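First the proteins, then the strands, lettered A, B, ... as listed; each starts at 1. Predicted model, so just to flag it, every value in this text is computed and none were measured. In what follows, every heavy atom counts, from backbone to side chain, and hydrogens, waters and symmetry copies are set aside.
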There are 2 protein chains.
Amino acid sequence: MITIKDIADALSMSHSTVSRALNNHKAINEQTRIKVQETAARMGYIPNSGARMMRGLSSRLVGLIVPNVQNEFFSALARVLSNNCALYGYSMMLGISEDDPVREQEQIEALVQSRALGVMIAPSERSTVATRRLLKAIPCVQLLRYEPQLGGLAVRVNEERAIHTATDHLAAQGHRQIGYIGTLETTSTGASRLAGFRAACRDHGGEVDSALIRLGPPSPEYGSQAVHELLSMRPDLTGLVIGSPRQMSGALLALRERGVAIPKQVSIVGYGDTEWFQVATVPLTAMALPVRDMSEQATALLFSAIGNQAGTTTSFPHKELIFEATLVARHSTAMPSVDIAVKS
Amino acid sequence: MITIKDIADALSMSHSTVSRALNNHKAINEQTRIKVQETAARMGYIPNSGARMMRGLSSRLVGLIVPNVQNEFFSALARVLSNNCALYGYSMMLGISEDDPVREQEQIEALVQSRALGVMIAPSERSTVATRRLLKAIPCVQLLRYEPQLGGLAVRVNEERAIHTATDHLAAQGHRQIGYIGTLETTSTGASRLAGFRAACRDHGGEVDSALIRLGPPSPEYGSQAVHELLSMRPDLTGLVIGSPRQMSGALLALRERGVAIPKQVSIVGYGDTEWFQVATVPLTAMALPVRDMSEQATALLFSAIGNQAGTTTSFPHKELIFEATLVARHSTAMPSVDIAVKS
DNA sequence: TTGAAAGCGCTAACAA
DNA sequence: TTGTTAGCGCTTTCAA
């Protein structure tokens, strides 16, 4: 790797002149500037950002930490953040935590060691103490999931209301035996969604039957398993709320395996309006999240926090942005068929 | 930010002792080591990776550059690479090029400036000269797409054969008017896939009718547009090969808008077996790519190139791994209906 | 086992 | 307009 010193030697001048020339400093001879820049290009000089940083310059680095990137929400977020980084000349370090608090912590450590200017994070199920300590040192925006102990800024969905609305939609069509499949209560989103389901059940049916609830990882496999379990135990079920987009494809598969007609025998509402929902077996009714908008706002928030923090050393004010999901009615929901409805 | 010097002062010792203690150097008193490490933890010391790097230590950083991350292939790749990074204590910088050669170049520049140890890249449509120069300096694995000018290692799919097989599948069922929707020939993948389609057409029907071909960006929107155009111009079409997974959902939507029954009126074969293909309107026949396997191998290749390169300064041997796609037959393909078949 | 000192590549204050 | 010099935070000789 060639350095400014190599260029200086080649041109027999001082390395500080080279530095000035390369940084387009004002007090530099135009001739020199051009000569240096040409030589640098010819010799294949590439600045060492580590050395630059040590001289107090910014790392121009931000971090993104998400549990996975297969999820439409997170991949859209990565895209938006990346676009903004490109705009401002930042780089982005991506950490995929796989919902493992330790891995998450390691990734944040690496970020802070690289002196990243800020982090966007969808926190994993539990944060370690180290994670919490590290995040004090750097502007941080929590997206989608929210872990109060991390503090900082947050952009999220009113998950509880979203699932409440989804459940209401089924209840309004006459469903009484409604099942819920979703993620574990260990994440803030899992817990809120379940709470929304419970609240809606209380509003409509009375007590909540926990035999109608299945919680597990956000994978197609679990979606399938949960449907099988649910339908075996409760064949009288006529409506199903699926609280995780990743569980949906497995659920649909299982429904088909069991020969269950949608919406004739079972109505379905999804969460998160993934691209393929409208071309699924039956076009799926779902709660649509303002994915793009949330990502944009979160990114704006992050960059403004980075900007503000430039001068001050104080910690960051708490601020929260909460978005509402909207019901997109398609054809996976309908009134329960009479023979079944009669039972309830 | 506190430094080893702050710790040294607090403990009134030399900062080199602190450094030794923190790095578990052999020649250090156990007492001192513990004391230093405790103090460091208490004071919230975080090493400066920039400074470390300047002392010749590795950056433990790899880069991933992809056109987007909404695509199942690339998101799976990101996951595999991230997992391996976590395993070896590396960090990953993610660049999303949006298929813009300039943005791609900027991201690679940032990578080399940060002294990343290697890059995994799915190159954009055209590489800039700067990109090509930069990538000489650092081990690089091209994945999926292949740009010969970049050289280095490559892991990819026999795209031509894959689309050939897809087309053969339709032809074998009796289809003669087969359309192709795919991405532009400006990427290596777009060109190879189209070549595969053309070759298959020649094998079966004779000349290739370019009115049966529609090329555009890998977006659902374009998929939809292309179907509308194709069916308006060629209502006699009975089979359709869709050469980009992202175009599929739009295509299905358009087909439904036009009231075209799959496979009764039009048979469809997709490329890349995305998760939802089996729960689509009709379970989709598609060419499945060994996504996981390719990502793993590419990652292994990258890390081994990084390892080898440690000593040497020589450039990297060229090596290519080519994978085959396999046909997954589902229910979106069937014999053309008689009234139409009769025409051909 | 520790400290003093050099130096990685760079920028910037100070002189000339 | 340029050169000299210091120093960012760190690791690593070399001495003690």
Side-chain angles (χ1 to χ4, degrees), chain A residues 1-37 39-40 43-61 109-117 137 310 313, chain B residues 1-37 39-41 43-61 109-117 137 310:
Chain A
M1 273 294 169
I2 87 140
T3 72
I4 50 169
K5 201 143 190 319
D6 297 323
I7 301 174
D9 288 351
L11 262 38
S12 19
M13 52 172 69
S14 140
H15 70 278
S16 50
T17 305
V18 174
S19 171
R20 275 187 285 256
L22 292 173
N23 293 299
N24 295 312
H25 194 277
K26 48 238 104 202
I28 187 93
N29 182 292
E30 186 62 9
Q31 305 296 321
T32 328
R33 218 204 42 162
I34 293 173
K35 194 168 52 180
V36 168
Q37 293 188 347
T39 317
M43 296 178 72
Y45 168 72
I46 294 160
N48 183 321
S49 65
R52 277 225 161 106
M53 240 187 54
M54 284 195 41
R55 296 291 351 191
L57 275 74
S58 141
S59 65
R60 300 204 83 83
L61 179 69
E109 249 158 21
L111 235 32
V112 181
Q113 289 183 6
S114 310
R115 299 299 185 259
L117 298 179
T313 325
Chain B
M1 275 293 168
I2 87 139
T3 70
I4 50 168
K5 200 144 190 319
D6 296 325
I7 301 174
D9 289 351
L11 262 38
S12 13
M13 53 172 70
S14 140
H15 70 277
S16 46
T17 306
V18 173
S19 172
R20 276 187 284 255
L22 292 173
N23 293 300
N24 295 312
H25 193 276
K26 48 239 101 199
I28 186 93
N29 182 292
E30 186 61 11
Q31 304 296 321
T32 329
R33 217 204 42 158
I34 293 174
K35 193 165 56 179
V36 168
Q37 293 188 346
T39 317
M43 296 177 74
Y45 168 72
I46 294 160
N48 183 322
S49 64
R52 277 224 161 108
M53 239 186 56
M54 283 194 43
R55 295 291 352 197
L57 275 74
S58 142
S59 64
R60 300 204 82 81
L61 179 70
E109 250 158 20
L111 234 34
V112 182
Q113 289 183 6
S114 308
R115 299 298 186 259
L117 299 180

Just to be sure I understand the rule, does [X] reach a base, reach only the sugar-phosphate, or reach nothing, if contact means heavy atoms closer than 4.0 Å?
X: A:Met13; result: sugar-phosphate
X: B:Met1; result: nothing
X: B:Ile4; result: base
X: B:His15; result: base

Working note: A:Ile46 + B:Arg115, criterion side chain to side chain contact (heavy atoms under 4.5 Å, CB included); need CA distance, chi angles, decisive distance, verdict.
CA-CA 9 Å; A:Ile46 294 160; B:Arg115 299 298 186 259; 3.5 Å; yes
What integer distance in Å separates [X]:[atom1] from [N]:[atom2]?
X: A:Lys5; N: C:dG7; atom1: NZ; atom2: P; value: 11 Å
X: A:Glu30; N: D:dT2; atom1: CD; atom2: P; value: 11 Å
X: A:Asn23; N: C:dG9; atom1: CG; atom2: P; value: 17 Å

Contact under 4.0 Å: [X] side-chain N or O vs [N] OP1/OP2:
X: B:Ser19; N: D:dT11; value: yes
X: B:Asn48; N: D:dC8; value: no
X: A:Ser16; N: D:dG3; value: no

If you pin B:His25 and A:Arg115 to their nearest nucleotides in DNA chain D, which one's is more 5'?
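Looking at DNA chain D, the more 5' nearest nucleotide goes with A:Arg115.
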Flag, side chain of B:Ser49 to backbone of A:Gln113, donor-acceptor distance under 3.5 Å:
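Confirmed, B:Ser49 side chain pairs with A:Gln113 backbone.
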Keeping A:Thr3 on the side-chain end and A:Lys5 on the backbone end, is there a donor-acceptor pair under 3.5 Å?
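Looks like yes, one N/O pair under 3.5 Å.
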Minimum-distance nucleotide to [X] side chain [options: [options]]:
X: B:Leu57; options: D:dG7, C:dG3, D:dT11; answer: D:dT11
X: B:Tyr45; options: D:dC10, D:dT11, C:dC10; answer: D:dC10
X: A:Ala51; options: D:dT1, C:dC10, C:dT11; answer: C:dC10
X: B:Arg52; options: D:dG3, D:dG9, D:dC10; answer: D:dC10

So, under a plain 3.5 Å distance rule, would you say the side chain of B:Arg55 forms a donor-acceptor pair with the base of C:dG9?
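Such a pair does not exist between side chain and base.
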Hey, which of A:Ile28, A:Thr17, A:Ile4 is the one that makes side chain to side chain contact (heavy atoms under 4.5 Å, CB included) with A:Leu22?
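Considering A:Ile28, A:Thr17, A:Ile4, a side chain to side chain contact (heavy atoms under 4.5 Å, CB included) with A:Leu22 is found only for A:Ile4.
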What is the distance from atom NE2 of A:His15 to atom CG of A:Asp6, rounded to the nearest 0.5 Å?
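It comes to 12.0 Å.
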When the nearest nucleotide of DNA chain C is assigned to B:Ser14 and to B:Met54 on a heavy-atom basis, which residue is associated with the more 5' position?
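Nearer the 5' end of the strand: B:Ser14.
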